[in-house]
A.B. asks: 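After the structure tokens below, expect a handful of questions from me.
Counting starts at 1 for both ligands and their atoms, in listed order.
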Amino acid sequence: STPERIAQVELDLQRALDAGYQLLESGAPAHEAVVAAIHVMEDAPEFNAGRGAALTSDGIAQMDACLMTGDGEVGAVTGVSTVKNPIDAARAVKEQTKHVLFADPTDAEIADWGVATESNEYFITEQRRQSLAEAQSGGDEWEKHGTIGAVARDSSGNIAAGTSTGGITNQMPGRVGDSPLPGCGTYANNDSVAISCTGIGEAFVKEVAAHQVSDRVLYAKEEPVEAAKAALDGVARHHGDGGMIVVPAHGEGAMVFNSEM
Ligand code: ASP
């Protein structure tokens, strides 16, 4: 990464935080803040979500997202290729259907949910094209992350978590990672934590990482930071690396990672 790119990423992260905080300060619920923060990062081309998503081996942006609130309600989508802000589709699944997870929802379903769409070209950046070309000529893009997430606690004490991703560069079409799977890459429970993960999704799925952090806090009475480190050690045993952001129902949040990104 160049210093200019790092500066841009930091600026966009600040804009995402500001968007979320502004809502929380005005009394909005946690999930509204999560969605607002995620919108900023999905729209910014630096991150592996929305515009700038990682590309599959056939050069398509195929995105996943999940939104969960601490009351146990959750919605997710996987394999969307035209939803401008995939977190909006996840939210629509949560709020407008009786289901939890849609794989490649139809155009009619997407239109029904009232979420904005774009052609797949909109999501594809030159940087991601280059990353795909490098990966396909033997480079190791597998190790590069960039999935985005947000966690929040509101003035009523409710918590929420959201995650949005393009997956992993050069992944096989149809591959699903941890991000849209409740309990793996995203989880929220008002009695324990809201958590969003990034990293090698397969390892987070095998470890059921997000739910594990919640259980450690809820039943083993571990501090969130301790719980997240332990779950990440489990992820490492499955040869995965990455990071987690955690906001508990009470007390201090945690940010834990074992990868540079
Ligand atoms: N966890 C995401 C996935 O496996 C990728 C990432 O975090 O960069 O799809």
Side-chain angles (χ1 to χ4, degrees), residues 1 5 9 12-13 16 34 37-38 41-42 44-58 60-68 76-81 83 86-87 89-90 101-104 123 125 127-128 131-132 134-135 139-151 161-187 195-213 228 231-232 234-246 255-261:
S1 282
R5 187 153 182 256
V9 165
D12 287 332
L13 287 174
V34 164
I38 288 182
M41 296 183 279
E42 285 179 334
E46 289 80 27
F47 303 101
N48 175 14
R51 183 153 175 263
L55 304 180
T56 61
S57 57
D58 56 4
I60 303 292
Q62 209 174 62
M63 299 160 287
D64 304 334
C66 182
L67 179 68
M68 184 159 183
V77 288
T78 177
V80 295
S81 53
V83 175
I87 197 69
L101 172 63
F102 277 71
D104 190 13
F123 302 97
T125 62
Q127 169 113 14
R128 290 296 175 191
S131 299
L132 180 62
E134 275 168 35
D140 196 3
E141 271 301 309
W142 182 253
E143 294 301 329
K144 294 189 183 164
H145 310 311
T147 287
I148 59 97
V151 286
T163 311
S164 183
T165 188
I168 286 179
T169 298
N170 203 28
Q171 68 183 11
M172 292 170 71
R175 175 257 184 195
V176 180
D178 60 317
S179 308
L181 302 180
C184 295
T186 311
Y187 193 68
I195 169 167
S196 175
C197 306
T198 179
I200 304 294
E202 283 70 7
F204 283 76
V205 173
K206 289 172 190 167
E207 192 62 18
V208 198
H211 191 263
Q212 184 185 137
V213 173
L232 211 48
V235 167
R237 283 194 290 277
H238 294 292
H239 313 291
D241 66 358
M244 300 170 163
I245 49 174
V246 190
M255 183 171 76
V256 168
F257 52 92
N258 63 0
S259 72
E260 205 182 341
M261 272 293 270

A.B. asks: Which of the numbered atoms in ligand 1 are below 4.0 angstrom from a heavy atom of Gly167?
C.D. replies: 5 (C), 9 (O)

A.B. asks: Do the side-chain N and O atoms of Gln171 and Thr56 include a donor-acceptor pair separated by under 3.5 angstrom?
C.D. replies: no

A.B. asks: Select one of side chain, backbone, both or neither to describe which atoms of Ser179 lie under 4.0 Å from any atom of ligand 1, heavy atoms only.
C.D. replies: side chain

A.B. asks: Taking side chain to side chain contact (heavy atoms under 4.5 Å, CB included) as the definition, give me every residue that meets it alongside Ala236, ordered by chain and number, with sequence neighbours left out.
C.D. replies: Asn258

A.B. asks: Which pair of non-hydrogen atoms, one from Asn48 and one from Ala54, has the smallest distance, and what is that distance?
C.D. replies: OD1-N, 2.8 Å

A.B. asks: Where do Cys184 and Asp178 come nearest, in terms of heavy atoms and distance?
C.D. replies: CB-O, 3.8 Å

A.B. asks: Relative to the heavy atoms of Gly199, which atoms of ligand 1 are at a distance of less than 4.0 Å?
C.D. replies: 1 (N), 2 (C), 3 (C), 4 (O), 5 (C), 6 (C), 7 (O)

A.B. asks: Within the 4.0 Å heavy-atom shell around Thr198, which atoms of ligand 1 are there?
C.D. replies: 6 (C), 7 (O), 8 (O)

A.B. asks: So is Arg175 close enough to ligand 1, meaning a heavy atom under 4.0 angstrom away?
C.D. replies: yes

A.B. asks: Tell me the nearest of Asp241, Asn48, Thr147 to atom 5 (C) of ligand 1, using heavy-atom distances.
C.D. replies: Thr147

A.B. asks: Just to be sure I read this right, does ligand 1 sit under 4.0 Å from the backbone of Met63, its side chain, both, or neither, counting only heavy atoms?
C.D. replies: neither

A.B. asks: Which atoms of ligand 1 sit under 4.0 Å from any heavy atom of Asp178?
C.D. replies: 1 (N), 2 (C), 3 (C), 4 (O)

A.B. asks: Does Asp64 reach ligand 1 with a nitrogen or oxygen that is under 3.5 Å from one of the ligand's nitrogen or oxygen atoms?
C.D. replies: no

A.B. asks: For residues Thr163 and Ser179, is any side-chain donor paired with an opposing acceptor at under 3.5 Å?
C.D. replies: no

A.B. asks: Do you know the tightest heavy-atom contact between Met172 and Ser57?
C.D. replies: CA-OG, 4.1 Å

A.B. asks: Touching ligand 1 at all, Gly242? Heavy atoms, strictly under 4.0 Å?
C.D. replies: no

A.B. asks: Is Glu42 reaching over with its side chain to a backbone N or O of Arg51, donor-acceptor style, under 3.5 angstrom?
C.D. replies: no

A.B. asks: Residues in side chain to side chain contact (heavy atoms under 4.5 Å, CB included) with Leu101, at least two apart?
C.D. replies: Ala76, Thr78, Pro180, Leu181

A.B. asks: For ligand 1, find out whether one of its N or O atoms is nearer than 3.5 Å to an N or O atom of Ile168.
C.D. replies: no

